[in-house]
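Atoms within each ligand, like the ligands themselves, are counted from 1 in listed order.
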Amino acid sequence: MKHSILIVDDEKLLLHSLDKALSHEGYQTMTAVSGEEALATFREHGPDVILLDVKLPDMDGMQVLQKIKAMDACVPVIIMTAFSGIKGAVEAVKLGAYDYIAKPFDIDELTFALARCLASQKAVAEVNKIRSTSKERYSFDNIVTAHPRIQRMIDLSRRLAKNDQSTVLIMGESGTGKELFANAIHYNGPRCESPLITVNCAALSEGLLESELFGHERGAFTGAMRQKRGMFELADRGTLFLDEIGEITPKTQVKLLRFLEEKKIQRVGGTKKIKLDVRIIAATNKDLFREVRAGAFREDLYYRLNVISLVIPPLRERISDLPLLIRHFIDSYNRGLNKSVSGYDEEALAILSNYSWPGNIRELRNIIERGMLLCEGNWIRTTEIPLEHIASRGISDPAKVSSPAPAALGSAVEACADGIPSHSQGNRSRPAPVPAALDSSIKIYVEAVFSHYQGNRSRTALALKITRQRLKRILNSTVD
Ligand SMILES: Nc1ncnc2c1ncn2[C@@H]1O[C@H](COP(=O)(O)OP(=O)(O)OP(=O)(O)O)[C@@H](O)[C@H]1O
Ligand SMILES: [Mg+2]
């Protein structure tokens, strides 16, 4: 893609030669000989970069700069100035110009300045894009739950996000959302503009982990050809997420403890102490206290890390969250895959709600993803659940599979709540009548969704795809 450039200079000869040279370099050029013309062209064409002379007949270059910046604070402007005007150019940079170049310059010098400017512009745009998507992606609203304990955990995490000094320890089985919480805590607090660096402590050997975390000086060990900054230094003013903290060896435990006490680190092979402002969030799927009792984890480090802890319950202990989670993932895959899947048919839902979920929410997400890919109609059926997988990893009570469990309601609520049996919606699921036992479950489900949307009737009705009147009737109903 060609970059567009607006060249502003009242010296026609110079303007012409710059125009020619820069088009030759592959830029799409436009020119202006006065401040007014420059502003008009800028307004009309919105060039990627501007090359601006400071001396113009009708207006001071600085004024033009300020007007351009008022219209678009991000567009890069390079000031051209005679050598005697350098001081002014420095001022211009303070006013928001990207750079300046002293006349006379050769074209290589200029193209180099332009390339550098565009590259840095691109990097800034990318970082901003990542930041804004990270912020959206890691909003606390994306943690789906109606479980009171997890809701309290979210409230606490919101406070922890704002209060960014304390260390946080997150415990929970694999796939329960530890990383999701860590991200939300980082991206919703004052550290969000600085990096969140994640280190999986189980993935590296002791030596490698140490030099990854703390960096090393040149010659610290064979192969240390040059000095290297570690993850701690890279996370300065941000957050270091130490995943699988239960795996670090006693030597690394000591180093980490020292950092938590002094807020300083020492590179491997170094003597200097480096002061850092890093928040630590650690996570583990081990019972860390048991590790302490077994002598595998230092007690003092455990207490340092465990100033505040979040213990995320496994999915099988919060199976009432299943319908909400299913809806959440189905909605998001519907968007991503451009599908319009409504949910699981009743038999499939019964299987899912009786499963023990050893891989927790990650496993649920994967099963839904697979179901959505395989599913051809509106409803995902039993045959689209990886049964071999479920059979081999254990349904908590296989006898229960034939009757839908209370929580298994993702599709049923839509069908029942509006009095339409699910099998009449053009799906290919077996035409099973909705069991009466589901009535009370529907209310529980609807209440869960209602509480997820903090009592907002419109949003709840929208999420459930039912009318507000219908919602009101269900909420006021007295089924037990
Ligand atoms: N409450 C939730 N709402 C929505 N999505 C969730 C929830 N909990 C977890 N997830 C999703 O489940 C997946 C697994 O979560 P995450 O990676 O945070 O788990 P983890 O505890 O760090 O797992 P591991 O111990 O294996 O590293 C992610 O895609 C995450 O977004
Ligand atoms: Mg994780």
Requested in this report: Show your working on side-chain contact (heavy atoms from CB on, under 4.5 Å) between V307 and Q165 and close with a plain yes or no.
Outcome: CA-CA 11 Å; V307 181; Q165 294 302 321; over 6 Å; no
Query raised in the report: Applying salt bridge (Lys or Arg N to Asp or Glu O under 4.0 Å), which residue pairs with at least one partner in residues 235-245 are found, sequence neighbours left out?
Result: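 Every pair satisfying salt bridge (Lys or Arg N to Asp or Glu O under 4.0 Å) with a residue in residues 235-245: there are none.
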**Report entry** Side chain proximity check, R304 to L256, heavy atoms < 4.5 angstrom
**Finding:**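 Not touching, per the 4.5 Å side-chain cut-off.
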Report task. List for me each residue that meets ring pair (Phe, Tyr, Trp, His ring centres under 6.0 Å) alongside Y303, sequence neighbours excluded, and say none if there are none. Result ->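 If we apply the ring pair (Phe, Tyr, Trp, His ring centres under 6.0 Å) test to Y303, skipping adjacent residues, there are no hits.
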Atoms of ligand 1 less than 4.0 Å from [X] heavy atoms?
X	value
V144	1 (N), 2 (C), 3 (N), 4 (C)
N142	3 (N), 4 (C)
I143	1 (N), 3 (N)
L180	2 (C), 5 (N), 6 (C), 7 (C), 8 (N), 9 (C), 10 (N), 18 (O), 31 (O)

Before signing off on this row, confirm whether [X] and ligand 1 have an N or O atom pair separated by under 3.5 Å.
X	value
G175	yes
G177	yes
H328	no

Yes or no: does [X] have any heavy atom under 4.0 Å from an atom of ligand 1?
X	result
R318	yes
T145	no
I170	no

Which residue supplies the protein heavy atom nearest to [atom], what is that atom called, and how far is it?
atom	answer
atom 22 (O) of ligand 1	E179 N, 3.1 Å
atom 20 (P) of ligand 1	K178 N, 3.5 Å
atom 28 (C) of ligand 1	R365 NH1, 3.6 Å
atom 27 (O) of ligand 1	R362 NH2, 3.8 Å
atom 12 (O) of ligand 1	I361 CG2, 3.5 Å
atom 26 (O) of ligand 1	S174 OG, 2.7 Å

Report task. Scan side-chain atoms only and decide if N183 and Y187 contain a donor-acceptor pair under the 3.5 Å cut-off. Result ->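 No, Y187 and N183 have no side-chain donor paired with an acceptor closer than 3.5 Å.
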**Report entry** With R267, the side chain to side chain donor-acceptor pair (under 3.5 Å) member among H216, E210, E233
**Finding:**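 Looking at H216, E210, E233, the match for R267 under the side chain to side chain donor-acceptor pair (under 3.5 Å) is E233.
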Report task. Specify the closest pair of heavy atoms between A115 and Y27, including all atoms of both residues, with the distance to one decimal. Result -> N-OH, 4.0 Å
Query raised in the report: Which one of R279, H186, M231 satisfies the side chain to side chain contact (heavy atoms under 4.5 Å, CB included) criterion with L240?
Result: M231
Query raised in the report: Among F329, Y138, F181, which one has a heavy atom closest to atom 5 (N) of ligand 1?
Result: F329
Query raised in the report: Salt bridge or not for R293 and E299, using N-O below 4.0 Å?
Result: no
Query - Step-by-step side-chain contact (heavy atoms from CB on, under 4.5 Å) determination, L322 to W357 - result: CA-CA 11 Å; L322 196 69; W357 299 108; 4.1 Å; yes
Requested in this report: Kindly indicate, with the supporting measurements, whether the criterion side-chain contact (heavy atoms from CB on, under 4.5 Å) is fulfilled by E291 and T284.
Outcome: CA-CA 11 Å; E291 299 294 305; T284 179; over 6 Å; no
